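Only heavy atoms go into these numbers, but all of them, side chains included; no hydrogens, no water, no symmetry mates. Just so it is clear, the model here is predicted, and its values are computed rather than measured. In what follows, chains are A, B, ... by sequence order, proteins preceding strands, each numbered from 1.
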2 protein chains.
Amino acid sequence: MLESEAVVPCCPPLTERTLTAAEAERTAAMFKALSDPVRLRLFSAVASAPGGEACVCDISDVGVSQPTVSHHLKKLKEAGLLASERRGTWVYYRVEPSVLAGMGRLLTGAAPA
Amino acid sequence: MLESEAVVPCCPPLTERTLTAAEAERTAAMFKALSDPVRLRLFSAVASAPGGEACVCDISDVGVSQPTVSHHLKKLKEAGLLASERRGTWVYYRVEPSVLAGMGRLLTGAAPA
DNA sequence: GTGTTGGTTCGATGTGTGTCAACATAAATG
DNA sequence: CATTTATGTTGACACACATCGAACCAACAC
């Protein structure tokens with residue numbers, strides 16, 4: 001199981017040149033992780049949570065069963081977008097810091113302020 | 001056929017709050033359009049082309065059959081990421097201007113320089 | 001008109017994926 | 001130990017999707 005193999009320092013901005021097949025493969029994997037409505041809601045719930053992290057119990061109200069939530073969180077983790085840590089009873093997820101900036105740079109070709 | 005219905009002024013940054021179901025649906029559709037390696041190569045080919053546009057004949061060398069290229073370009077168009085125009089013999093695709101900035105803002109929460 | 005080149009649409013097919021119910025694991029609590 | 005609560009995993013199923021060849025349309029040349 002290959003998890004969170006550095007997805008950030010991956011590829012040039014989309015406006016720079018045509019991506020190679022390998023670059024496209026890696027970049028597509030990140031977009032694919034965010035291409036499902038449920039995953040997107042889960043991700044934004046974590047990303048917007050105070051402290052940058054949230055326990056599953058706080059974000060699992062997205063209209064699907066709990067196993068499905070777990071499945072989607074796993075996918076986000078495999079894509080390198082989220083990291084998880086168990087603290088006692090609950091499991092907390094947080095956003096991998098550099099990921100958002102990296103994907104933003106991919107689209108805009110510039111670092112945000 | 002609903003094409004390019006304003007996708008840009010759609011949704012708040014992912015870090016702001018948990019997206020609503022409707023917001024997640026719309027945002028996921030844009031990410032999904034970029035979640036395929038072939039589409040990503042086609043999109044970057046158009047986005048990086050001089051003048052911001054390219055004819056199909058210039059970008060269709062991505063390792064799949066030409067009908068498949070056409071299929072993917074159609075999807076990108078339906079997602080509001082590309083626009084097409086026929087000029088004589090050839091069909092030209094160009095990037096919808098505000099889309100990249102809009103998606104970048106979605107991820108970083110800030111406008112690029 | 002016929003022919004040729006560029007592009008899209010149409011079926012068909014195989015693979016991928018989102019979903020849930022059922023089961024399994026992990027930690028706290030009694 | 002048994003029980004309860006919180007997550008994760010497995011297996012199965014239905015639907016979506018990427019791909020192709022073949023048929024089709026659009027513009028140009030003859």
Side-chain angles (χ1 to χ4, degrees), chain A residues 1-4 19 21 24-43 45-46 49 53-79 81-94, chain B residues 1-4 19 21 24-43 45-46 49 53-79 81-94:
Chain A
M1 184 193 303
L2 35 89
E3 48 178 317
S4 81
L19 297 182
E25 205 81 40
R26 303 190 63 177
T27 308
M30 300 197 307
F31 283 119
K32 177 178 277 185
L34 295 178
S35 70
D36 179 88
V38 174
R39 278 200 294 274
L40 213 42
R41 293 191 76 190
L42 290 171
F43 185 79
V46 174
E53 67 175 15
C55 106
V56 178
C57 56
D58 287 328
I59 60 176
S60 47
D61 189 23
V62 288
V64 295
S65 72
Q66 190 266 334
T68 302
V69 169
S70 190
H71 171 249
H72 284 305
L73 287 173
K74 184 181 179 182
K75 286 220 160 186
L76 287 167
K77 192 177 168 183
E78 286 173 354
L81 299 180
L82 292 182
S84 70
E85 180 191 353
R86 174 160 223 132
R87 284 208 290 277
T89 306
W90 293 280
V91 176
Y92 290 81
Y93 281 81
R94 65 176 179 281
Chain B
M1 184 191 306
L2 35 89
E3 48 179 317
S4 80
L19 297 181
E25 205 81 40
R26 302 190 64 177
T27 308
M30 299 196 307
F31 282 120
K32 178 177 273 183
L34 295 178
S35 71
D36 180 89
V38 174
R39 278 200 293 273
L40 213 42
R41 293 191 76 190
L42 290 171
F43 184 78
V46 173
E53 65 176 17
C55 109
V56 178
C57 56
D58 287 328
I59 60 176
S60 47
D61 189 22
V62 287
V64 294
S65 72
Q66 205 230 351
T68 303
V69 169
S70 190
H71 167 75
H72 284 305
L73 287 172
K74 184 181 179 181
K75 286 222 159 187
L76 286 167
K77 191 177 170 184
E78 286 172 354
L81 299 180
L82 292 182
S84 70
E85 181 192 354
R86 174 161 223 130
R87 284 209 290 279
T89 307
W90 294 282
V91 175
Y92 289 81
Y93 281 81
R94 66 176 179 282

Query raised in the report: Starting at the 5' end of DNA chain C, which residue's closest nucleotide do you reach first, A:V64 or B:Q66?
Result: B:Q66
**Report entry** Contact under 4.0 Å: B:Y93 side-chain N or O vs C:dT8 OP1/OP2
**Finding:** yes
Under 3.5 Å between N/O atoms: give me all the protein pairs with nucleotides 12-17 of chain D, atom names plus distance.
unit_1, atom_1, unit_2, atom_2, d
D:dC17, OP1, B:K32, NZ, 3.4

Query - Minimum-distance pair of heavy atoms, taken over all atoms of B:S60 and B:V69 - result: O-CG2, 4.0 Å
Report task. Of all the heavy-atom pairs spanning A:M30 and A:L81, show the shortest one and how long it is. Result -> O-CD1, 4.3 Å
Query raised in the report: So, B:R39 side chain and B:A33 main chain: donor-acceptor pair closer than 3.5 Å or not?
Result: yes
Query - Shortest non-hydrogen contact from A:A24 toward B:R41 - result: CB-CG, 3.4 Å
Write down the protein N/O and nucleotide N/O pairs, taken from nucleotides 21-25 of chain D, whose separation is under 3.5 Å; answer none if there are no such pairs.
none

**Report entry** A:W90 vs C:dA27: side-chain N/O to OP1/OP2 distance below 4.0 Å
**Finding:** no
Query raised in the report: Do B:L73 and B:I59 have side-chain heavy atoms sitting under 4.5 Å apart?
Result: yes
**Report entry** Whole angstrom value for the distance that separates C1' of D:dA18 from CG of B:L73
**Finding:** 14 Å
Query raised in the report: So, the side chain of A:S70 versus the backbone of A:P67: is there a donor-acceptor pair under 3.5 Å, distance only?
Result: no
**Report entry** Separation of atom CG in A:L76 from atom P in D:dG8, rounded to whole Å
**Finding:** 12 Å
Query raised in the report: Nearest of D:dT7, D:dC28, C:dT9 to any side-chain atom of A:V91?
Result: D:dT7
Query raised in the report: Quick one: B:R87 CZ to C:dT5 P, roughly how many Å, whole number?
Result: 23 Å
Query raised in the report: Over how many whole Å does the gap from B:K77 atom NZ to C:dG7 atom C1' extend?
Result: 12 Å
**Report entry** Contact under 4.0 Å: B:S70 side-chain N or O vs C:dT8 OP1/OP2
**Finding:** yes
Report task. Assign A:V69 to base, sugar-phosphate, or nothing according to its heavy-atom contacts below 4.0 angstrom with the strands shown. Result -> nothing
Query - Length of the line joining A:E25:CD and C:dG16:P, which is rounded to integer Å - result: 12 Å
Query raised in the report: Taking NE2 from A:H72 and P from C:dC20, how many angstroms apart are they, rounded to a whole number?
Result: 8 Å
Report task. Find out whether A:R94 and A:E85 are in side-chain contact, i.e. whether some heavy atom of one side chain is under 4.5 Å from a heavy atom of the other. Result -> yes
**Report entry** Exercise: identify the closest heavy-atom pair between B:E53 and B:A49
**Finding:** O-CB, 3.3 Å
Requested in this report: Calculate the interatomic distance between B:D61 atom CG and C:dG6 atom C1'; express it in whole Å.
Outcome: 16 Å
Query raised in the report: Between B:L34 and B:L76, is any pair of side-chain heavy atoms under 4.5 Å apart?
Result: yes
